[in-house]
Trainee: 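I'd like to ask some things about the structure below.
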There are 2 protein chains.
Amino acid sequence: MPTSKDVAEAAGVAQSTVSYVLSGKRPISEKTRKKVEAAIEQLTYQPNAGARALASRKTRVIGLVIPFIPELEMASIMEFVSVIASTARQYDHDILLVTEDEGAAGLRRVVGQQICDGLILMQVEDEDERLPVARTLNVPVLLIGIPRDPSGLVCIDADFEMAGEHCVRDLAAAGHSVISIIDWQPAVVNRHVNYVDRFMGGADAAAEALGVTVQHLPGGPDQATIADSVDRALAATEGVPAFIAPDRTVQDILRRALASRGLTPGVNVSIIGSATPTLAELQPIPLSTIDLRPAEVSRRAVKIICQLLEADSQGPHESLELVPTVITHRSSTLRPPHGA
Amino acid sequence: MPTSKDVAEAAGVAQSTVSYVLSGKRPISEKTRKKVEAAIEQLTYQPNAGARALASRKTRVIGLVIPFIPELEMASIMEFVSVIASTARQYDHDILLVTEDEGAAGLRRVVGQQICDGLILMQVEDEDERLPVARTLNVPVLLIGIPRDPSGLVCIDADFEMAGEHCVRDLAAAGHSVISIIDWQPAVVNRHVNYVDRFMGGADAAAEALGVTVQHLPGGPDQATIADSVDRALAATEGVPAFIAPDRTVQDILRRALASRGLTPGVNVSIIGSATPTLAELQPIPLSTIDLRPAEVSRRAVKIICQLLEADSQGPHESLELVPTVITHRSSTLRPPHGA
DNA sequence: GACCATCGTCGATACGCATCGATGATCTGC
DNA sequence: GCAGATCATCGATGCGTATCGACGATGGTC
């Protein structure tokens with residue numbers, strides 16, 4: 001592997017000049033620059049990351065703490081990971097994976113060894129054991145998700161409250177007066193991520209404002225629970241029933257439960273779920289969705305932390321950004337009576 | 001951040017002694033070791049990764065090149081990623097994400113900058129543009145997947161040939177004489193990953209050996225194609241029809257197509273799919289599966305590359321490891337007549 | 001008790017880059 | 001045509017660790 005010293009010799013300049021050509025932190029004459037660039041090209045020189053990190057005290061690596069939830073929602077998590085990694089590259093950074101099973105010690109490790117300059121935490125829980133540690137680390141930390149106490153922390157998440165509100169508002173506009181929300185499955189609820197509460201809060205607020213009824217029913221990966229929820233929903237509804245099912249696993253089971261009761265989405269029952277556009281279109285009856293925009297959340301997350309890294313901010317920052325959700329009508333919901 | 005020099009001063013020894021305590025590469029007296037360890041503890045010292053990499057020429061980081069396939073099979077990919085990351089930790093290594101959209105240049109970058117000591121490539125295609133680059137990089141590279149020409153490369157993958165063979169063998173044993181394989185969806189087939197061919201080859205070989213008929217039918221995320229495939233399968237079958245659907249997206253559509261034709265898995269039709277045990281159990285009729293064991297493939301992948309890193313092997317290694325697949329009977333297939 | 005091997009520790013150096021102060025070269029204005 | 005300002009480049013140093021050679025202390029041997 002060639003070093004900057006090799007490049008310097010090939011170009012007939014000092015090593016420091018090579019460094020300045022690369023960083024642009026001092027003016028370099030056109031002639032010298034050309035010579036150096038030619039030497040770099042010819043030797044296929046690439047700066048050594050370790051040496052660079054040692055000298056500059058910056059690794060240009062961001063640690064990404066990924067959650068470990070067997071099975072569930074893995075596809076969604078992968079979308080975050082993938083977009084975060086490619087966005088980081090746009091800011092000339094790389095992503096180091098930190099698995100959740102390392103716990104808070106993992107954060108201390110990667111920051112303490114100075115493997116990375118900052119951290120992104122996914123799936124932040126209400127009372128997350130990693131938060132006290134995150135607050136004392138002297139590097140920028142970006143949370144995806146909003147803990148109970150976000151003081152002194154930088155957070156971003158989808159606007160679940162808006163999501164709940166929009167779902168209820170849309171179903172109400174389509175003429176439904178009773179709306180049933182099937183909860184996320186227990187595996188998610190038990191994680192104490194509070195987006196569940198925020199979603200429900202938004203839905204309840206909208207219901208109150210619009211004078212419609214929202215009832216909350218248990219979800220679950222088992223069919224019995226959901227079948228029971230459906231029956232309770234039907235019993236409580238006059239007219240066309242409406243369901244909101246944010247959890248993707250719940251949706252599949254719900255669809256089957258409705259089908260076996262002679263209910264067809266878009267005809268004599270409405271369903272809104274959360275799903276990516278592609279997945280929604282693949283359904284036999286394309287699903288009306290509330291898009292929680294994981295890609296946009298990921299992009300902004302990287303942008304924010306890169307700005308913090310740029311600023312070299314020492315003082316404890318604090319901010320909270322919510323990404324608007326988007327509701328899309330497809331065929332699984334009734335059309336509003338007035339064409340709205 | 002404390003340095004090893006700080007630790008040395010606190011313990012009243014030389015910096016090099018601290019280094020030897022940590023590495024164990026020279027004998028250290030019990031007394032000195034205790035003093036140093038106490039100082040490390042008290043200062044919460046952690047070695048600087050950059051300096052360590054610079055001096056030792058080892059980063060203890062492995063680059064993981066993740067595929068970029070919108071939507072499809074993301075959950076499965078996440079399982080690879082997650083298991084690879086946590087297994088790497090067991091070998092005291094970390095994982096750096098490299099996204100596929102960087103292409104072959106990405107490999108050159110992370111290796112050239114010496115950000116990582118080795119690479120794992122996922123979803124290797126038959127004629128992968130990254131392979132010629134991989135061969136010339138002077139670091140260990142581990143492929144998950146088997147290219148057309150694996151010479152000079154180290155590969156691991158699930159044994160798809162065995163998988164195809166076992167599926168056919170099991171269905172034949174259950175009394176089916178005509179077996180229909182619904183192909184992966186076009187998005188997968190068009191990637192030219194050759195596991196599709198290997199699976200089909202295994203199935204065909206088993207069919208020939210057992211004297212049963214295997215027919216290949218197109219899959220696809222659209223219902224029309226699959227519905228058509230089902231009709232063609234039924235037309236060609238006397239007795240109870242049998243389907244093999246390795247693609248998860250195809251499975252869902254297939255299930256609906258069968259249901260709408262009055263066919264119930266395990267009763268008057270057999271289906272074997274590929275899915276994780278958890279997902280298989282969640283189905284209304286638990287799915288008999290061929291498990292391609294992504295977690296086991298991931299673990300072995302990390303093990304192999306860590307051994308190569310350990311060995312500091314310069315010469316071009318070459319190996320090919322296939323992980324046996326596991327077939328599990330649940331309720332979606334007929335039982336063999338003789339209880340076998 | 002003199003000699004040599006072994007053990008434990010130290011000091012010095014190298015790793016490759018960023019960065020600071022210094023220096024020579026070129027230009028400005030009078 | 002000369003003092004001072006600006007520009008481009010160089011040399012030296014430090015970042016924190018691993019590692020090599022050296023060296024004093026200890027133990028055993030005859």
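In what follows, chains carry the letters A, B, and so on, assigned in the order in which the sequence lines appear, proteins first and then strands, with residues in each chain numbered from 1. FYI, side chains are in, hydrogens and waters are out, and symmetry mates aren't considered; it's all heavy atoms of this structure.
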Trainee: Any ion pair linking B:Asp126 and B:Arg148 (charged N to carboxylate O, less than 4.0 Å)?
Mentor: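 B:Asp126 and B:Arg148: salt-bridged.
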Trainee: Checking contacts here: which listed nucleotide (D:dC10, D:dG16, C:dC10) is nearest the side-chain heavy atoms of A:Leu54?
Mentor: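 The nucleotide sitting nearest to the side chain is D:dG16.
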Trainee: Rounded to whole Å, how long is the line connecting atom NZ of B:Lys25 with atom P of D:dT17?
Mentor: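 Distance, rounded to whole Å: 15 Å.
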Trainee: Identify each donor-acceptor pair in which a side-chain atom of residues 34-43 of chain B lies under 3.5 Å from a protein atom, sequence neighbours left out, and give them as a table.
Mentor:
residue: B:Lys34; atom: NZ; partner: B:Glu30; partner atom: OE2; Å: 3.1

Trainee: Roughly how many Å is it from CZ in B:Arg52 to C1' in C:dC15, rounded to a whole number?
Mentor: 15 Å
Trainee: Would you kindly compare B:Gly12 and B:Ala51 by the position of their nearest DNA chain C nucleotide and give the one closer to the 5′ end?
Mentor: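 It is B:Gly12 whose nearest nucleotide is closer to the 5' end.
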Trainee: With DNA chain D as reference, determine whether A:Gln15 or A:Arg33 sits nearer its 5' end, using the nearest nucleotide of each.
Mentor: A:Arg33
Trainee: Let's test your reading of the model: under 3.5 Å, does the base of D:dC20 pair with the side chain of B:Tyr20 as donor and acceptor?
Mentor: yes
Trainee: Could you run down the sub-3.5 Å N/O contacts of the protein with nucleotides 5-8 of chain D?
Mentor:
none

Trainee: For the side chain of A:Ser19, counting heavy atoms from C-beta on, which of C:dG16, D:dC10, C:dT19 is nearest?
Mentor: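 Among the listed nucleotides, the one closest to the side chain of A:Ser19 is C:dT19.
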Trainee: Would you check if the side chain of A:Arg293 reaches a backbone N or O of A:Pro324 as a donor-acceptor pair within less than 3.5 Å?
Mentor: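 Checking the backbone N and O of A:Pro324 against the side chain of A:Arg293, a donor-acceptor pair under 3.5 Å is found.
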Trainee: Would you say a side-chain N or O of A:Lys5 is under 4.0 Å from OP1 or OP2 of C:dC17?
Mentor: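 Negative; the distance criterion is not met.
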Trainee: How long is the line joining CZ of A:Arg57 and C1' of D:dT17, in whole Å?
Mentor: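 In whole Å, D:dT17 C1' and A:Arg57 CZ are 13 Å from each other.
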Trainee: Check this for me: does the side-chain of A:Ser4 come within 3.5 Å of the base of C:dG16 through a donor and an acceptor?
Mentor: no
Trainee: Choosing from C:dG11, D:dC10, D:dC15, which nucleotide comes nearest the side chain of A:Ala55?
Mentor: D:dC15
